[in-house]
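Heads up, the thing below is written out as structure tokens.
Lettering follows sequence order; numbering is per chain, from 1. Since the model is a prediction, treat every value here as computed from it, not as a measurement.
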Amino acid sequence: MTKQTSLEAITEERLQKLERLRQQGFNPYPNRYRRSHTASEAVALLGTQEAAGTEERGEVSVAGRVTARRDMGKISFIDLRDGSGKIQLLCSNALGEEARRVLKEIDIGDIIGASGKVFRTRTKEPTIETTDIVMLAKSLRPLPEKWHGLADVDKRHRQRYLDLIANPGVKEIFETRSRVIAKVRQFMNRRGFIEVETPVLQPEAGGALARPFVTHHNALDQDFYLRIALELHLKRLIVGGLERVYEIGRIFRNEGLSHKHNPEFTMLECYQAYADYRDVMKLVESMVAGVCRKTRGSLTAQFVGHEINFKPPWKRLDLREAVKSFSGIDYAECPDAASLGNAMVKIGMTVDPNKDRGRLIDELISTYVEPNLVQPTFLVDYPRDMSPLAKNRPDNDRVVERFEAFAGGMEIANAFTELNDPGEQRRRFREQVAGRSAHTEGEEWTIDEDYLEALEYGMPPTGGLGVGIDRLVMLVTGQESIREVILFPQLRDKP
RNA sequence: GGGCCGUUAGCUCAGCUGGCAGAGCACCUGACUUUUAAUCAGGUGGUCGCAGGUUCGAGACCUGCACGGCCUACCA
């Protein structure tokens, strides 16, 4: 008999095993299996019985994926892995007649159920002396290699399930992600915030400066944008008297991909009436510190070779001072885009002449300041030019009450005292539209009249916050790429 | 968008100056009643990313394309 081991041949081989099982009356995909213990519970049971000093050994039934098989003459050892861990099966004389026939057809990768008594082998390995074994789902494809795992980054992301099977650390990252989000919810709920959901499909894409995705509603025959921020709807709710609201939601930005950017990502936004940006600052550091303590057991995280300490209070840096000290440029001395651009050219930067002053300042921040902010830091008091939704400082109308939080060289939060003067908000929107449409092709920048109307009913003084959840997860899991903390990151279609 | 690197068996990877397509794991056959990266013996498995070109001869050299990674620019 000539055998081939191309992928097709391996699948063919396994299909034959499947067929043999069926011919012998076994269902290779049964509807259910009742397990009495998880793998780790079975191991624990053995431990307690040994500790009690009794001879009695518990009967268990477990289920999971076969990850290794070692045939030793007339006996076989099988490693079985479930969500809790791993346990070894010994298949020997104790195995029933039917189970023996099933055993013949078992491959690495199959999902099986097994029952028997727990014991410990000569080498102290917790093991089940298997009496019965059933096929729960026959696997038709070979798993990635057991020792090196799955290394191909592209394949890991496209077939995340293989990544999860082959690379044990991956599951941990996503468990941590889940705990981060749970902790954030708990934190907000305990402070009296209520969680809400607002539309993903919106007639205007507002609340941030970003290019939106466009889609179309057939019945309404109307184009919609996928939201680029949660902001404007949440503030409508503040107008409506929900004094503390938050949303953890997916937002979408039709822009470049990088190790810090995915087109869809998860944002926490919260708004608190009768608070200002200083209150929000305290909320952020307390929340992030709490998340870190909850997920890591300490206030520190390892990231890109640094130990980041989230213990409040975080450093506060005046934005203007920070830019001046890291780049040498005092943007307050450059009142317009032209003079600021000149100053930037002088220090060797290439300057896009289409950029307005706000964007030039932003470029100074991301080039000179952001990479240096490894320990948690608030940059405080932003120029009005780059903050259309934030309220002026009472003492300086070129500066708004806004901060961004940075850690690990990444922006993780953005917050301000919300602009609630409808007339001023309308002027700011107009400035934005005028400044952008001149040089932004294919984008229609509109004013959200519906939001302005809401403001006209009166919005209390409010502090607002946005936190990039994916980046927060990157920090506490030590992952340098956003793709490692998103289960199914955006990828180009394979041809 | 630009630069550099990569794409070889199901997986992880070698493949020199152009000269028969390789290893480990997995798979198949056999041996083995306490193994655990089991071991031992034997074996199967390839559109060398795709398309052209140079050459007596291309996995390797040249051109183009696709996909990916890193850096860089832009978007934020």
Side-chain angles (χ1 to χ4, degrees), chain A residues 1-14 16-17 67-80 86-95 107-109 119-127 129 139-159 162-163 165-167 207-212 228-229 251 253-263 265 267 349-352 354-355 358-359 361-363 365-367 370 386-387 404 410-411 414 436 439-443 466 468 471 480-481 483 489 491-495:
Chain A
M1 178 158 65
T2 58
K3 292 287 174 191
Q4 303 181 336
T5 50
S6 64
L7 178 57
E8 294 77 14
I10 290 173
T11 299
E12 180 53 37
E13 183 84 33
R14 292 185 172 207
Q16 285 171 14
K17 291 176 178 173
T67 57
R69 179 173 176 163
R70 295 173 294 279
D71 289 335
M72 273 280 307
K74 291 187 171 53
I75 64 170
S76 296
F77 293 95
I78 286 175
D79 288 347
L80 192 74
K86 188 205 99 172
I87 192 162
Q88 177 173 266
L89 311 179
L90 168 61
C91 300
S92 60
N93 285 339
L95 207 61
D107 288 305
I108 291 172
F119 77 108
R120 209 173 280 275
T121 61
R122 200 177 286 167
T123 51
K124 306 300 179 206
E125 179 78 11
T127 303
E129 167 111 60
S139 166
L140 301 178
R141 290 172 179 270
L143 289 179
E145 201 245 0
K146 62 183 169 187
W147 192 240
H148 299 93
L150 184 64
D152 184 315
V153 174
D154 188 49
K155 190 158 194 133
R156 287 183 45 233
H157 294 151
R158 285 181 200 281
Q159 295 179 274
L162 290 181
D163 193 28
I165 293 168
N167 301 320
L209 307 177
R211 182 192 295 240
I228 57 173
I251 68 178
R253 298 190 179 178
N254 200 346
E255 289 163 352
L257 289 75
S258 83
H259 68 114
K260 293 194 270 193
H261 299 80
N262 196 62
F265 61 102
M267 182 101 114
M349 298 179 77
T350 49
V351 174
D352 179 348
N354 285 327
K355 280 189 171 174
R359 296 197 163 204
I361 294 171
D362 198 45
E363 193 172 334
I365 298 169
S366 49
T367 307
E370 183 168 345
M386 54 193 297
S387 316
E404 291 188 311
M410 287 188 300
E411 178 195 336
N414 180 22
R436 330 216 87 232
H439 56 80
T440 325
E441 56 170 283
E443 288 177 56
R471 289 181 180 177
E480 294 174 40
S481 166
R483 291 184 166 187
L491 302 169
R492 200 182 294 269
D493 259 3
K494 274 287 191 193

Rounded distance in Å between the [atom1] positions of [N] and [M]:
N: B:G15; M: B:C5; atom1: P; result: 16 Å
N: B:C13; M: B:U8; atom1: P; result: 10 Å
N: B:U12; M: B:G52; atom1: P; result: 29 Å
N: B:G45; M: B:U55; atom1: C1'; result: 31 Å
N: B:C56; M: B:U72; atom1: C1'; result: 45 Å
N: B:A9; M: B:A23; atom1: C1'; result: 11 Å
N: B:C27; M: B:C11; atom1: C1'; result: 12 Å
N: B:A41; M: B:A26; atom1: P; result: 15 Å

For B:C67, take OP1 and OP2 only and decide whether either is under 4.0 Å from a side-chain N or O of A:Arg492.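 Answer yes for this pair, as a side-chain N or O of A:Arg492 is under 4.0 Å from OP1 or OP2.
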At less than 4.0 Å, is any side-chain N or O atom of A:Arg70 found next to OP1 or OP2 of B:U35? Yes or no.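 Result: no.
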What is the separation between atom [atom1] on [X] and atom [atom2] on [N], rounded to the nearest whole Å?
X: A:Arg211; N: B:C74; atom1: CZ; atom2: P; answer: 15 Å
X: A:Leu257; N: B:G1; atom1: CG; atom2: P; answer: 13 Å
X: A:Glu145; N: B:C13; atom1: CD; atom2: P; answer: 10 Å

Ignoring hydrogens and angles, state whether a donor on the side chain of A:Glu8 or A:Ser6 is under 3.5 Å from an acceptor on the partner side chain.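 A donor-acceptor contact under 3.5 Å links the two side chains.
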Distance-only donor-acceptor test, A:Ser92 side-chain atoms vs B:U33 base atoms, 3.5 Å: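 Answer is no: no donor-acceptor pair is held.
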Decide yes or no, distance alone: a donor-acceptor N/O pair under 3.5 angstrom between the base of B:U35 and the side-chain of A:Gln88.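 Donor-acceptor pair under 3.5 Å: yes.
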Which one, [options], comes nearest to the side chain of [X]?
X: A:Val153; options: B:U34, B:G69, B:U12; value: B:G69
X: A:Lys17; options: B:A37, B:C28, B:G45; value: B:C28
X: A:Arg122; options: B:U33, B:U35, B:A37; value: B:U35
X: A:Glu125; options: B:U35, B:C28, B:G68; value: B:U35
X: A:Glu13; options: B:U35, B:C28, B:U12; value: B:C28
X: A:Trp147; options: B:U33, B:G10, B:A37; value: B:A37
X: A:Lys155; options: B:U12, B:C11, B:U35; value: B:C11
X: A:Pro142; options: B:U34, B:A26, B:A38; value: B:A26

How is [X] classified with respect to the nucleic acid when contacts are heavy atoms under 4.0 Å: base, sugar-phosphate, or nothing?
X: A:Arg483; value: sugar-phosphate
X: A:Lys146; value: sugar-phosphate
X: A:Asp71; value: base

Suppose we screen for side chain to side chain contact (heavy atoms under 4.5 Å, CB included). Which residues come up paired with [X], at least two apart in sequence or across chains?
X: A:Lys146; result: none
X: A:Asn254; result: A:Arg211, A:Phe213
X: A:Ala68; result: A:Arg70, A:Asp79
X: A:Ile165; result: A:Arg65, A:Arg81, A:Leu143

For RNA chain B, the dot-bracket pattern of Watson-Crick and G-U pairs whose distances stay under 3.5 Å, | for other-strand partners: (((((((..((((.....[..)))).(((((.......))))).....(((((..]....))))))))))))....
For A:Asp152, enumerate each residue passing the side chain to side chain donor-acceptor pair (under 3.5 Å) test, keeping only those at least two apart in sequence or located in another chain.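 None.
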